[in-house]
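All ligand and atom numbering here is 1-based and tracks the order in the structure.
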Amino acid sequence: MATNDEVADRLAELASLTELEEGDPNAFRVRAYLNAERAVRGLTRPAEESSATELAELRGIGAGIAERIREYVDTGRIAKLDELRERHPAAKRALLDVPGLGPKTVQQLDDELGVRDVDALAEALEDGRVAGLAGMGERSAAKLREAISELGLTSKQRRIPIAVALPLAERLVERLKAVPGVGEVAYAGSLRRFCEDVGDIDLLVATDDAGERVHEWLRASSEVQRVIGSGSTKTSVVTHDGVQVDLRAVPPARFGAALVYFTGSKAHNIRLRQRAQQRGWSLNEYGLASSDAPAVTTEEAVYAALDLPWIAPECREDTGEIEAAEAGRLGPLTRTEDLRGDLHDHTDLSGDGVDSLADLVDAAAARGLEYLAITDHAEGLRMNGVDRDAMLAQRDDLRRLQEERGDIALLHGAELNIGLDGSLDYDDGFLATFDWLVASVHSHLDRTVEEQTERVLAAIRHPSVTAIGHLSARLIGRRPPIRLDVERVLDAAADTGTAIEVNAALQRLDASVEVIREGERRGVEFVVSTDAHAVADLDRLRFGAAQVRRARLDPACIVNTRPWEGFRAWLDERRGG
Ligand code: DGT
Ligand code: CA
Ligand code: CA
Ligand code: ZN
């Protein structure tokens, strides 16, 4: 019953715990767990179907870790993991998420100052105790203080990044559906609205008589570290990763109204309630109440009763979506299947890619994509980059593959690294030979707004660059965005016809919703891409679609909603001019 993602999450947890244990992020064991995590995430078949011996034969998985994976799949636990969790609670592990803190310093903080969570760290930073530690000093302490406030890491401010919450919620939903007597299951709240970080996970289960079984199932789940509260309608728990999960069970006839209510936002709900009141009804989590109110068992019915079309959850923030929906102007919004191509994809030629060119192309075609751009890292990225000869060899392979198959159009591209001075990889002559070029910032992230804006502008203005990848370089909750004069950047993109990418990786979701909206106002064209590093990542396109829905971006502004012929015409025009 353990999915590959769940197994991979446990391996990631083992990696961070081992990092603390050994005081070294580069310790052999830490890297072994991380390699295994990547291997498991990239598997195309369930890990649980393989024996320990078979697992150990896979690239990236050694015999010891293979045993631990089997132990988890068979028993739902890993003894070593339980032991490490005991020694390093989630709150202490969260210290590793503070940029600038490594495992050694975390242990030093614990040993010398008794600091075991971010709140205690914030206090010790305020009163100067951290600056006084050996190897620390005023400057490093100031940086830590800045990172904590910029990322909102204290317990009062702390939000769970969507990259942590969404896979966990989807897994819980799948497993709840298998509980006997359970009907519909959904996650609701800010997560369903596709907020980039969430306070907690809200789960909703429709059941006539299995309510008690459902609550019991959650309390006993292998993900759960402790139960906060559990009654006949609601259970709240905290997972091993420190994520709160609220679960509510409702009768099937009330599922629609409850889903509207618990999806929120509060502001959106208030507007709906006002509309109900105008019609002489009241609206709450149980439905519409009053003698003449219609019965509403689905979300659509709730909205219809209020004379509205169904509103996509990503838009429910009371930021004009109700007025737009009422006037028939909310949408069309991008669906995953509207995205016809994927324009940022890595093969195993990049040091951090996992699958071969042929496998990636196969998988993209099987998912119904009409076109695919292969964009391995160019040579400027020291760890993962590819030199010119290797690029040319890949191009030959790709052209040969194209001759063999007419079902998907293949573009040969690269992901260029934007240097601090705005320079790009290779030379202009070589760059002009690519079909598609994504240019992205990967390093020198802590610079002034002038420096960052100029380097990105230089890339936007380069005649061969077709798109800017993950514009802000942020990792949600872990790394702040680079400082940019966003308006100047967007204007230049609109001017030159360089597309701005909406990177669909959950830890990035970059461009952000705010930047997408500003870009649309300024006439920017976008591409939604997965930045896949493995076949399984191609499925992220749905997150990209959700991100542009949340921004209410007109699909006509997204270049890869065009069919192949239209996309090619756009590209020809852009590269000709
Ligand atoms: P979060 O968890 O802080 O990221 O944000 P939400 O929106 O998930 O908030 P949460 O978990 O407190 O509640 C889930 C939904 O339940 C919320 O979006 C709307 C609904 N809700 C909760 N409390 C109230 C309330 O007092 N009034 C109304 N109208 N709706 C509420
Ligand atoms: Ca919530
Ligand atoms: Ca909640
Ligand atoms: Zn990439």
Side-chain angles (χ1 to χ4, degrees), residues 152 156-162 164-166 168-169 186-204 228 234 236 243-248 250 257-277 282-286 313-318 342-347 349-354 360 373-378 380-381 383-386 413-418 425 436-442 467-471 473 475-477 501-505 507-508 510 527 529-534 537-538 540:
K156 256 206 227 107
Q157 309 163 295
R158 179 161 177 263
R159 313 260 309 158
I160 312 300
I162 190 170
V164 174
L166 190 62
L168 172 62
Y187 57 83
S190 49
L191 188 58
R192 186 159 178 252
R193 303 199 308 279
F194 211 70
C195 295
E196 58 193 41
D197 50 32
V198 304
D200 65 3
I201 294 174
D202 300 286
L203 297 176
L204 207 58
I228 301 174
K234 178 180 169 190
S236 292
V243 181
Q244 182 173 330
V245 180
D246 290 351
L247 178 145
R248 295 174 178 87
V250 300
L259 190 54
V260 170
Y261 183 87
F262 290 111
T263 297
S265 65
K266 267 179 207 165
H268 180 88
N269 286 355
I270 289 169
R271 294 293 305 278
L272 295 183
R273 203 154 50 213
Q274 286 166 350
R275 290 180 78 92
Q277 280 159 0
S282 67
L283 173 64
N284 57 30
E285 65 217 83
Y286 307 113
E314 296 88 355
C315 300
R316 300 182 192 173
E317 299 289 350
D318 190 25
D342 190 3
L343 296 161
H344 182 163
D345 296 88
H346 298 268
T347 72
L349 190 59
S350 286
D352 55 355
V354 174
L360 205 65
I374 298 299
T375 56
D376 278 307
H377 288 294
L381 211 58
M383 304 267 290
N384 302 317
V386 176
E415 179 176 14
L416 307 175
N417 185 47
I418 307 176
D425 309 72
W436 179 259
L437 285 174
V438 179
S440 326
V441 168
H442 294 105
I468 300 297
H470 47 70
L471 181 63
L475 295 176
I476 296 169
E501 172 183 277
V502 175
N503 189 298
Q507 60 273 33
R508 293 192 184 273
D510 194 4
V527 293
S529 296
T530 64
D531 196 359
H533 284 68
D537 295 340
L538 292 172
R540 290 171 181 169

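The atom name of the N/O/S atom in D202 closest to the Ca ion (ligand 2) is OD2. Atom OD1 is the N, O or S atom of D200 at the shortest distance from the Ca ion (ligand 2). For D531, the N, O or S atom with the smallest separation from the Zn ion (ligand 4) is OD1. Taking the N/O/S atoms of E415 in turn, the shortest distance to the Zn ion (ligand 4) belongs to OE1.
In terms of protein heavy atoms, atom 3 (O) of ligand 1 is closest to R159 NH1, 3.0 Å. Looking only at protein heavy atoms, the nearest one to atom 14 (C) of ligand 1 is F262 O, 3.5 Å. Among protein heavy atoms, the minimum distance from atom 10 (P) of ligand 1 is reached at D202 OD2, 4.2 Å. In terms of protein heavy-atom proximity, atom 22 (C) of ligand 1 is nearest to K266 CE, 3.8 Å. Nearest protein heavy-atom contact of atom 20 (C) of ligand 1 is Y261 O, 3.2 Å. Looking at atom 8 (O) of ligand 1, its nearest protein heavy atom turns out to be S190 N, 2.9 Å.
Put simply, H346 gets within reach of the Zn ion (ligand 4), with an N, O or S atom under 2.8 Å from it. For D246, every N, O or S atom stays at 3.0 Å or more from the Ca ion (ligand 2). Checking H344 against the Zn ion (ligand 4), an N/O/S atom falls under the 2.8 Å cut-off.
For ligand 1 and G189, the ligand atoms under 4.0 Å from any heavy atom of the residue are 8 (O). Per-residue contacts place N269 under 4.0 angstrom from the following atoms of ligand 1 (heavy atoms of the residue considered): 19 (C), 20 (C), 29 (N), 30 (N). When each atom of ligand 1 is checked for a heavy atom of R193 under 4.0 Å away, the hits are 7 (O), 18 (O). Atoms of ligand 1 found under 4.0 Å from any heavy atom of R273, numbered from 1 in the order shown, are 29 (N).
Under the 4.5 Å side-chain criterion, counting only non-hydrogen atoms from C-beta, V438 is not in contact with L343. Taking the side chain as every heavy atom from C-beta outward, L247 and K234 never approach each other to under 4.5 Å. Within the 4.5 Å cutoff, the side chain of Q244 has heavy atoms near those of the S236 side chain. No side-chain heavy atom of V250 sits under 4.5 Å from any side-chain heavy atom of E285. Proximity of V198 to I162: side-chain heavy atoms (C-beta onward) are nowhere separated by under 4.5 Å. Counting heavy atoms from C-beta on, the side chains of D531 and H346 come closer than 4.5 Å. Contact check for L191 versus L166: side-chain heavy atoms found under the 4.5 Å cut-off. Using a 4.5 Å heavy-atom cutoff, the side chains of L168 and I201 are in contact.
The minimum heavy-atom distance linking A276 with L283 is given by the pair CB-CB, 3.8 Å. Scanning all heavy atoms of the two residues, the minimum distance from S529 to D342 falls at CA-OD1, 3.4 Å.
Residue-to-ligand polar distances keep D197 apart from ligand 1: every N/O pair is separated by 3.5 Å or more.
Contacts of T263 with ligand 1, taken as heavy-atom pairs under 4.0 Å, involve the backbone alone. Contacts with ligand 1 closer than 4.0 Å are made by heavy atoms of both the backbone and the side chain of D200.
Distances from atom 12 (O) of ligand 1 to the protein include no heavy-atom value under 4.0 Å. Less than 4.0 angstrom separates atom 5 (O) of ligand 1 from at least one non-hydrogen atom of the protein.
Contact check on D202 versus R248 returns a salt bridge, with a Lys/Arg side-chain nitrogen under 4.0 Å from an Asp/Glu carboxylate oxygen.
H470 and H442 have perpendicular rings, their planes meeting at more than 60° on a 0 to 90° scale where under 30° would count as parallel.
Ranked by closest heavy atom to atom 18 (O) of ligand 1, the top entry among A258, G264, C195, G199 is G264.
The side chain to side chain contact (heavy atoms under 4.5 Å, CB included) test with R193 singles out one residue from R316, H268, E314, and that residue is R316.
Judged by distance alone, the side chains of D537 and T530 never bring a donor and an acceptor atom under 3.5 Å apart.
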